[in-house]
**Q** 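Below: one structure in structure tokens.
In this chain, numbering begins with 1 at the start of the sequence shown. Here the structure is a predicted model, which means the values were calculated and not measured. Whatever order the structure lists ligands and atoms in, that order sets their numbers, starting from 1.
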Amino acid sequence: MEFPEFDGRVIKPNNADYQEECYQYASSSYLDDGIIQPAAIIKAANENDVIKAINYARDNGIAVAVRTGGHQYSGASSTNGKNIQLDLSQTYMYKDPVKDFENFKWNNPDCTSVTVGVSFTLGEFNAKLREKNRFVPHGQCQYVNLGGHIQTGGYGQLARSFGLLSDYVEKFRIITVYDKVTKARWVYKDYKDMSEDEKKDITEDENNDLFFAVLGGSPGNFGVLTHVTLHVFKDQDYPNSRGLRAAYPFDRQRLKDLLDIMVNKMVDDDEFPADYDYCISVLDEPPFTTYEITYDMKYDRKEGQPQVTWPPMIVIFVQWANLQGDKQTYDSTFIDSILEAAGGKDQGIIQVSDKECTPLSTLTGHWIVPITREFKLPYFKRTYSSNASSQRLREFKWTDWVSDRIEEGCSGSVNALSSQIEAQGSNLSAQFQHFGGSRSRFYQNGNNSPTSFSWRDTRLGCTLDAFYYSYQQDVAKNWVKKNDDEGVGNSDARFCEDDRRVLWGSHDLDLSAAHRYYYDSEEKYDRLCNIKQTFDPSGVFTPNRFCIGLEPEVPSAEKRKIKPLLSAEDKFWKMASMESKVGKPVPLWNTWRA
Ligand SMILES: Cc1cc2nc3c(=O)[nH]c(=O)nc-3n(C[C@H](O)[C@H](O)[C@H](O)COP(=O)(O)OP(=O)(O)OC[C@H]3O[C@@H](n4cnc5c(N)ncnc54)[C@H](O)[C@@H]3O)c2cc1C
């Protein structure tokens with residue numbers, strides 16, 4: 001079959017901008033694997049293009065990788081060989097209220113139900129809801145798109161108080177290739193809500209299977225998601241809500257004290273109120289600067305992105321959601337204890353304060369990080385989940401261990417005589433969040449859920465990512481390996497006896513071989529494989545090894561320059577007092593909405 005004509009642009013390897021168009025978040029980390037090299041990238045201009053691409057793949061025995069925001073950590077939204085990539089970044093957008101009205105619409109006068117196209121970034125979607133003082137839980141990266149995010153959960157700062165974004169899906173629209181017929185259909189959370197006409201197309205079991213599999217099963221493996229209808233929340237029901245966002249210089253003891261609160265107050269108390277969400281982020285880097293021009297520096301050029309800089313720092317996000325409404329009064333004891341552990345108010349920069357009420361639709365904007373990637377570097381990524389008790393975490397001294405790991409992970413030294421770097425650290429990004437307790441909605445929504453997200457008994461989430469310049473690759477790899485060996489997956493592990501992973505934080509390309517880490521039961525995995533077999537029997541949506549149900553050196557440094565070392569404390573305050581100048585980087589905290 002001849003390659004069809006598309007309304008949108010098609011980019012092939014012989015096009016001058018092929019590498020640029022292939023570029024996505026995982027590109028630099030998997031260059032040597034050659035997995036992000038589709039035979040063609042089809043930038044679908046409309047749904048007709050989507051259908052044509054799917055049918056072309058179906059009739060030619062090749063596969064389609066679906067990419068909307070391109071944020072999949074291990075490149076699963078791309079492909080290679082003869083397979084093609086369908087790029088939906090512009091297809092279901094809301095640019096023109098008349099032309100694109102299907103891609104954003106309120107479904108009821110109360111504005112508690114909204115239908116939205118998948119090409120929205122989280123930043124755009126969040127801002128659109130705020131126009132009506134509405135919000136919903138979701139993740140914290142401005143440029144992640146709804147296309148993938150809906151299917152991988154939407155884990156974020158409202159996880160304890162509200163659960164996952166995907167918990168609020170009422171229905172979604174998906175294009176499948178079922179019985180060789182390419183067709184769009186709506187799939188409902190509750191089959192009873194379907195019209196009689198819609199029911200003619202799909203049985204109740206098929207509907208429930210697709211709902212279960214698409215939300216949490218394995219993104220992009222069942223069809224092309226185009227729209228989703230979500231239940232959203234009103235600010236006015238939570239009138240006293242509070243938040244805290246504060247940045248502090250990185251310090252090992254400060255981090256440990258902040259983590260101790262998470263373990264000793266939150267994990268320890270199974271009844272801890274669901275109003276509270278608490279997350280700690282760390283951005284750290286070794287005390288050297290290099291002048292290597294990286295792949296990401298060349299290609300990560302999203303328009304309108306600020307050029308940011310940061311010293312080694314800890315950012316604290318805390319929220320009190322006021323779940324019981326106007327009769328509930330705010331008690332600042334918990335947040336005060338966090339501020340005290342951080343070293344007091346004047347030791348850092350407080351940008352959102354719990355001393356005044358802030359609507360939740362504003363807070364959800366405050367929690368979004370406004371950059372495409374932490375470092376313009378390749379990475380080794382890990383997001384671990386733990387259901388360990390506070391007693392176990394204390395017994396294995398997890399907070400000490402992980403604070404040491406971070407301090408060690410970025411330390412380096414310079415030989416004064418030769419000016420050579422003797423031990424190189426890497427650039428670290430870490431995040432710690434409490435999800436659990438019997439009152440947590442992350443936990444509660446997981447009971448009898450029609451979705452397939454795993455590990456809803458998670459108490460703590462811990463992300464430990466190492467980004468590296470070429471000369472740091474081995475150090476970064478060894479740092480992550482030690483975290484794996486000591487942190488998870490054995491009876492003496494500091495964080496969790498089991499190795500439990502979230503699909504959105506994937507790091508193993510072979511999903512089948514690694515499935516026990518991602519799915520919390522074999523029964524669930526088998527059911528998902530069967531659904532995959534039913535809805536994608538010819539493998540149209542099986543473009544790579546990170547698909548469910550299958551069998552089981554980076555560029556050299558160009559130049560390095562060593563700068564005098566500054567302590568994290570000095571670097572932090574130097575940047576805090578930096579003058580802002582056009583064309584110069586701004587501190588990360590100044591790019592957040594205040
Ligand atoms: C910097 C960064 C920060 C992140 N922060 C968070 C966070 O705070 N919380 C959180 O929960 N997650 C987070 N994630 C993970 C992210 O939410 C998921 O990877 C999400 O699936 C990305 O969606 P996407 O459309 O942007 O990416 P893509 O790479 O385009 O897609 C991700 C997956 O979904 C599939 N897919 C995408 N669009 C469609 C579609 N329309 N139809 C069918 N399949 C599709 C793809 O094939 C791929 O497998 C983060 C990722 C990054 C890189």
**Q** Looking only at distances, can you tell me whether any N or O atom of E374, backbone or side chain, sits closer than 3.5 Å to an N or O atom of ligand 1?
**A** no
**Q** Which residue pairs pass the side chain to side chain donor-acceptor pair (under 3.5 Å) test with at least one member in residues 140-162, sequence neighbours excluded?
**A**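 Listed once each, the pairs are R160-H434, S161-D277, S161-Q319.
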**Q** Got the closest protein heavy atom to atom 18 (C) of ligand 1, with its distance?
**A**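 Nearest neighbour among protein heavy atoms for atom 18 (C) of ligand 1, to 0.1 Å: T152 OG1, 3.5 Å.
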**Q** Just jot down the ligand 1 atoms closer than 4.0 angstrom to any heavy atom of L88, in number order.
**A**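 Result: 41 (N).
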**Q** Could you identify the single nearest non-hydrogen protein atom to atom 5 (N) of ligand 1 and state the distance to 0.1 Å?
**A**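 Here the closest protein heavy atom is C141 CB, 3.9 Å.
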**Q** Return the residue, atom name and 0.1 Å-rounded distance of the protein heavy atom closest to atom 48 (C) of ligand 1.
**A** S77 CB, 3.7 Å
**Q** What's the shortest heavy-atom distance between V169 and V228, and which atoms?
**A** CG1-CG2, 3.8 Å
**Q** So among F380, Y30, Y25, which one has a ring pair (Phe, Tyr, Trp, His ring centres under 6.0 Å) with Y73?
**A**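 Only one option passes, and that is Y25.
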**Q** Does ligand 1 have a heavy atom under 4.0 Å from the side chain of Y155, from its backbone, from both, or from neither?
**A**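 Both the backbone and the side chain of Y155 come within reach of ligand 1.
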**Q** In terms of the angle between their ring planes, are Y519 and Y525 parallel, tilted or perpendicular, with boundaries placed at 30° and 60°?
**A**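 Correct class here is tilted.
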**Q** Give the residue and atom name of whichever protein heavy atom lies nearest to atom 34 (O) of ligand 1, and the separation in Å to one decimal.
**A**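 Checked against all protein heavy atoms, atom 34 (O) of ligand 1 sits closest to P219 CB, 3.2 Å.
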**Q** Just heavy atoms, cut-off under 4.0 Å: does V66 contact ligand 1 by side chain, backbone, both, or neither?
**A**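 For V66, the contact with ligand 1 is made by both the backbone and the side chain.
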**Q** I'd like to know if A65 contacts ligand 1, where contact means a heavy-atom distance under 4.0 Å to any ligand atom.
**A**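 It does not; every heavy atom stays at 4.0 Å or beyond.
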**Q** Hey, is V144 touching ligand 1 through its side chain, its backbone, both or neither, going by heavy atoms under 4.0 Å?
**A** both
**Q** Quiz question: by atom type and distance under 3.5 Å, do the side chains of E374 and N427 form a donor-acceptor pair?
**A** no
**Q** Looking at R173 and E47, is there a salt bridge between them, counting it only when a charged N and a carboxylate O are closer than 4.0 Å?
**A** yes
**Q** Would you mind running through ligand 1 and noting each atom that sits below 4.0 Å from a heavy atom of G139?
**A** 7 (C), 8 (O), 9 (N)
**Q** Would you call the rings of Y295 and Y23 parallel, tilted or perpendicular, where under 30° means parallel and over 60° means perpendicular?
**A**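 It falls in the tilted class, 30° to 60°.
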**Q** Under a heavy-atom criterion of less than 4.0 Å, does R67 contact ligand 1?
**A** yes
**Q** Is there a nitrogen or oxygen of V118 sitting under 3.5 Å from a nitrogen or oxygen of ligand 1?
**A** no
**Q** Among G223, G154, G153, whose heavy atom sits nearest atom 43 (C) of ligand 1?
**A**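 Closest candidate by heavy-atom distance is G223.
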**Q** Could you identify the single nearest non-hydrogen protein atom to atom 26 (O) of ligand 1 and state the distance to 0.1 Å?
**A** N145 N, 2.9 Å
**Q** Using a strict threshold of under 4.0 Å (side-chain N to carboxylate O), is an ion pair present between D209 and R527?
**A**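 A salt bridge links R527 with D209.
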**Q** Heavy-atom contacts under 4.0 Å between Y73 and ligand 1: side chain, backbone, both, or neither?
**A** side chain
**Q** Decide, yes or no, whether a salt bridge links R441 with D167 under the criterion of side-chain N to carboxylate O below 4.0 Å.
**A**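 Looking at D167 together with R441, the answer is no, because their closest N to O distance does not fall below 4.0 Å.
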**Q** Quick one: closest heavy-atom pair of F172 and F211, and the distance?
**A** CE2-CD1, 3.7 Å
**Q** Is the closest side-chain donor-acceptor distance between T542 and K532 under 3.5 Å?
**A**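 Looking only at side-chain atoms, K532 and T542 do form a donor-acceptor pair, the distance falling under 3.5 Å.
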**Q** Residue-level breakdown please: for R373 versus ligand 1, do any non-hydrogen atoms fall below 4.0 Å on the side chain, on the backbone, on both, or on neither?
**A** neither
**Q** Among all protein heavy atoms, pick out the one at the shortest distance from atom 44 (N) of ligand 1; state its residue, atom name and that distance to 0.1 Å.
**A**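 Ranking protein heavy atoms by distance from atom 44 (N) of ligand 1, first comes Q151 NE2, 2.9 Å.
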**Q** Could you check whether any heavy atom of G156 sits closer than 4.0 Å to an atom of ligand 1, since that is the contact criterion I want to use?
**A** no
**Q** Should the pair R130 and F135 be classed as cation-pi, given the thresholds of under 6.0 Å to the six-membered ring centre and 45° from the axis?
**A**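 Cation-pi check for R130 and F135: fails.
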**Q** Sorted by first residue and then second, give each salt bridge (Lys or Arg N to Asp or Glu O under 4.0 Å) pair with at least one member in residues 49-60; sequence neighbours left out.
**A**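 Sorted pair list comes back empty.
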**Q** Looking only at non-hydrogen atoms, which of H71, Q140, Q24 approaches atom 27 (O) of ligand 1 most closely?
**A**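 Result: the heavy atom closest to atom 27 (O) of ligand 1 is in H71.
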**Q** May I ask you to identify the nearest protein heavy atom to atom 42 (N) of ligand 1, giving residue, atom name and distance to one decimal place in Å?
**A** L225 N, 2.8 Å
**Q** Within the 4.0 Å heavy-atom shell around Y25, which atoms of ligand 1 are there?
**A** 1 (C), 53 (C)
**Q** Check whether NZ of the Lys or CZ of the Arg K128 lies under 6.0 Å from the centre of the six-membered ring of F120 and within 45 degrees of that ring's axis.
**A**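 Because its charged atom misses either the 6.0 Å distance or the 45° angle limit, K128 does not stack over F120.
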**Q** For atom 15 (C) of ligand 1, what's the nearest protein heavy atom and its distance?
**A** W504 CE3, 3.6 Å
